[in-house]
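Taking it in order: structure first as structure tokens, then the write-up.
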Amino acid sequence: MICPHIFGIVALLKAIHPGWSHAAIKSALVTTASVKYGYDQCAAAEGAPHKKADPFDYGGGYVDPNKAIDPGLIYNMNIENYALFLCSMDYNETAIS
Ligand SMILES: *[C@@H]1O[C@H](CO)[C@@H](O)[C@H](O)[C@H]1NC(C)=O
């Protein structure tokens with residue numbers, strides 16, 4: 001069920017901030033997400049034994065649409081920025097494409 005929830009929140013953000021790119025929206029969602037949910041409880045991983053969730057379980061965390069609307073700071077990137085980043089990591093043209 002996460003996909004329709006995130007899709008709805010992305011549509012809300014896009015309606016409020018029509019100029020935001022995909023990267024800006026993702027940034028707003030991830031930088032305002034929380035790893036705790038109601039009653040200040042930490043997320044638990046699925047499966048047995050039950051353990052406290054880590055980033056491999058919760059990803060960016062629990063999305064908070066109200067905070068994502070006004071995240072304060074967004075990391076906006078386009079394909080050229082990603083290519084320059086990969087070049088700086090010594091990826092060659094073949095590897096990047
Ligand atoms: C590009 O990088 C890949 C992975 O490191 C390597 O296998 C390949 O030989 C490189 N190609 C060139 C043209 O340097």
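This is a predicted model, so every value here is computed, not measured. Counting starts at 1 for both ligands and their atoms, following the listed order. Just so you know, residue 1 is the first one in the sequence shown, and it goes up from there.
Closer than 4.0 Å to atom 2 (O) of ligand 1 lies at least one heavy atom of the protein. For atom 14 (O) of ligand 1, a protein heavy-atom neighbour is present inside the 4.0 Å cut-off.
Put simply, the side chain of S27 never gets that close to the backbone of I74: no donor and acceptor are under 3.5 Å apart. A donor-acceptor pair under 3.5 Å is formed between the side chain of K14 and the backbone N or O of W20.
Given atom 10 (C) of ligand 1, the protein heavy atom at minimum distance is N92 ND2, 2.3 Å.
Counting non-hydrogen atoms of neighbouring residues, nucleotides and ligands closer than 6.0 angstrom, the OH atom of Y75 reaches no more than 12 such neighbours. Sparse packing is recorded around CD of E80, with 12 or fewer heavy atoms of other residues, nucleotides or ligands lying under 6.0 Å away.
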